[in-house]
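Nothing fancy with the numbering, it's 1 onward along the sequence.
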Amino acid sequence: MKPDHPLPLEDIKDDLVTQARALGFSAVSVSKPALAEASDRLEGWVAEGYHGDMGYLARHAELRRNPAALQPGTVRVVSVTLPYLASAPETAEAALADRTRGYVSRYALGRDYHKVLRSRLQELATRLEARWGSFNYRVFTDSAPVLEVEIARQGGLGWRGKHTLLLRRDAGSLFFLGELFIDLPLPADDPEEEDHCGTCQACIDICPTQAILGPYRLDARRCISYLTIEHQGSIPEPLRPLLGNRIYGCDDCQLACPWNRFARLAAVPDFAPRPPLEAGQLETLFSWEVAEFEAQLAGSAIRRIGHERWLRNIAVALGNGPDTPSARAALARRQNHPSALVREHVNWALARLSE
């Protein structure tokens with residue numbers, strides 16, 4: 001900050017909250033995070049191998065532990081939430097029930113959240129600078145070694161649910177988190193100390209692959225979101241039937257959570273579902289060649305998995321779907337695909353339809 005006189009920190013924080021809400025963020029908090037304990041838990045989880053192929057989780061431990069190491073001068077972290085649900089949860093349940101359609105996790109139906117959050121957080125910082133003078137900051141949107149759930153919890157935005165996601169009593173968990181690391185010593189909010197999950201373990205019971213081993217304990221190697229998004233190789237055969245028609249991500253643990261009956265619908269037009277994804281027929285999605293895949297998913301988070309893994313995922317879903325002549329024909333057209341990964345999953349799907 002430029003002024004030499006004492007900064008009106010309370011006023012700046014009030015303005016921060018006002019501007020954040022004006023930009024569509026549903027909640028905002030300021031924390032002075034202490035992350036040693038959470039960092040130790042993560043390192044223990046990685047040591048057990050639960051992170052699978054996500055090697056980046058094994059790196060940069062010091063940056064996660066110390067926000068000032070990631071962004072020099074950081075003394076506070078601003079956390080924000082942005083709802084992404086475009087329609088009632090019943091819409092998701094209907095999509096899961098129709099095995100001829102590809103199920104896409106609700107967060108990925110619209111525009112890439114990285115871009116939406118980043119631009120709005122940048123605008124928030126720009127507005128504050130225009131009103132109070134320049135300060136040092138850095139925007140984060142799930143793009144760096146940031147313990148965002150723990151930071152948000154310490155800022156009072158909610159508590160960590162048994163599925164490991166942040167939960168809020170007035171919004172459930174169907175929202176994005178974003179952060180501003182700042183060098184302003186704004187008044188910090190009190191953390192959410194109480195766990196409001198009680199004895200409920202709906203998220204644990206519903207998981208199709210039993211990836212949630214127990215409260216707050218996830219084996220990513222079994223998680224459908226990991227298998228369809230992060231995992232680059234062959235999906236383990238015993239898990240393939242359990243994927244159902246989920247072709248990108250999974251929402252089962254969130255859909256089962258009682259707190260998500262309070263989930264808020266997105267107020268941001270960017271998260272409106274793309275028609276090819278919202279009601280996408282598996283056979284149609286499977287027919288996309290590289291150029292159409294790139295065109296249909298331009299600006300989407302899904303595009304990052306690439307065409308090969310897109311076909312891998314849909315082949316599994318077709319194998320789990322109805323045995324129809326058109327499904328068999330769609331798979332047969334990919335039997336000679338250049339990718340061994342695609343061919344393997346296509347042949348598995350055809351064999352499963354024959355069972």
Side-chain angles (χ1 to χ4, degrees), residues 45 48 50-52 54 81 83-109 149 153 158-177 195-231 235-266 273 277-280 282 313-314 316-317 319-322 352:
W45 180 79
E48 293 186 73
Y50 291 139
H51 63 304
M54 296 182 288
T81 64
Y84 60 75
L85 195 63
S87 58
E90 291 76 17
T91 305
E93 292 161 4
L96 277 171
D98 185 350
R99 291 303 179 97
T100 68
R101 294 167 56 189
Y103 183 84
V104 172
S105 184
R106 303 296 90 176
Y107 82 85
L109 288 173
V149 172
R153 186 198 68 79
W159 73 98
R160 183 184 290 272
K162 292 178 182 178
H163 48 25
T164 75
L165 302 172
L166 188 77
L167 277 169
R168 289 178 55 81
R169 282 181 288 181
D170 63 350
S173 61
L174 295 165
F175 50 76
F176 297 119
L177 285 171
D195 181 326
H196 299 284
C197 290
T199 60
C200 176
Q201 60 173 36
C203 59
I204 298 173
D205 295 338
I206 200 68
C207 179
T209 57
Q210 285 80 60
I212 306 175
L213 306 178
Y216 325 108
R217 202 161 174 79
L218 175 73
D219 185 347
R221 297 168 299 182
R222 297 185 64 86
C223 177
I224 293 175
S225 287
Y226 166 80
L227 292 170
T228 57
I229 300 172
E230 299 288 346
H231 183 53
I235 295 173
E237 283 198 38
L239 298 180
R240 292 177 195 175
L242 306 179
L243 269 62
N245 61 338
R246 300 167 185 83
I247 63 171
Y248 188 90
C250 179
D251 295 317
D252 287 40
C253 62
Q254 297 192 84
L255 295 174
C257 177
W259 288 106
N260 273 321
R261 67 180 181 269
F262 303 115
R264 303 180 186 184
L265 295 183
L277 298 178
E278 186 177 30
L282 287 169
N313 296 349
I314 300 174
V316 172
N320 291 331
R352 179 163 167 78

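- Taking both residues in full, the closest heavy atoms of G158 and R168 are given as CA-CG, 4.3 Å, listed atom of the first, atom of the second, then distance.
- To the nearest 0.5 Å, atom CG of residue L218 and atom CD1 of residue I204 are 10.5 Å apart.
- Classification of the Y248-Y107 ring pair by plane angle, with boundaries at 30° and 60°, yields tilted.
- Separation of atoms CD (E230) and OG (S225) is listed at 9.0 Å; rounding is to 0.5 Å.
- Distance check: Y84 OH to L265 CG gives 12.0 Å after rounding to the nearest 0.5 Å.
- Salt bridge R217/E48: present, at least one basic N to carboxylate O contact under 4.0 Å.
- Side chain of K162 to backbone of I212: no donor-acceptor contact under 3.5 angstrom is found.
- For the pair P241 and N320, the tightest heavy-atom approach, listed with the atom from each and the gap, is CA-OD1, 3.4 Å.
- Between H231 atom NE2 and M54 atom CE the span is 11.5 Å, to the nearest 0.5 Å.
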Just do the side-chain contact (heavy atoms from CB on, under 4.5 Å) check on V316 and N313 with the steps written out, would you? CA-CA 5 Å; V316 172; N313 296 349; over 6 Å; no
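- Taking the side chain as every heavy atom from C-beta outward, P208 and L243 never approach each other to under 4.5 Å.
- Closest approach of L174 to A263, counting heavy atoms only: CD1-CB, 3.8 Å.
- Between L167 atom CG and C203 atom SG the span is 8.0 Å, to the nearest 0.5 Å.
- By the side chain to side chain contact (heavy atoms under 4.5 Å, CB included) test, T100 pairs with D98, Q281, P322, sequence neighbours left out.
- Between the OG1 atom in T228 and the CD1 atom in I235 there is a gap of 7.0 Å [rounded to 0.5 Å].
- The two residues C207 and A211 have their closest heavy-atom pair at SG-N, 3.1 Å.
- Ion pair D170/R264 flagged as a salt bridge, since at least one NZ, NE, NH1 or NH2 atom sits closer than 4.0 Å to an Asp/Glu carboxylate oxygen.
- Of all the heavy atoms in R169 and F262, the pair that sits closest is O-CD1, 3.4 Å.
- Taking the six-membered ring where the residue is Trp, W159 and H196 present perpendicular rings, their angle passing 60° and hence far from 30°.
- Looking at every heavy atom in both residues, P236 comes nearest to L227 through CD-CD2, 3.9 Å.
- For L96, the side chain to side chain contact (heavy atoms under 4.5 Å, CB included) partners are Y103, N245, R246, D252, L255, not counting sequence neighbours.
- Formation of a donor-acceptor pair under 3.5 Å by the D251 side chain with backbone atoms of R106 is found in this model.
- Within the 3.5 Å criterion, the main-chain N or O of L166 finds no donor-acceptor partner in the side chain of S173.
- Distance alone, capped at 3.5 Å, is enough to place a donor-acceptor pair between the T209 side chain and the R222 backbone.
- Legend: residues meeting side chain to side chain contact (heavy atoms under 4.5 Å, CB included) with R221, ordered by chain and number and at least two apart, are Y50, D219.
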For I247 and V104: C-alpha separation, side-chain torsions, deciding distance, then whether side-chain contact (heavy atoms from CB on, under 4.5 Å) applies. CA-CA 6 Å; I247 63 171; V104 172; 4.0 Å; yes
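- Looking only at distances, a side-chain donor or acceptor of R160 sits under 3.5 Å from a matching main-chain atom of T164.
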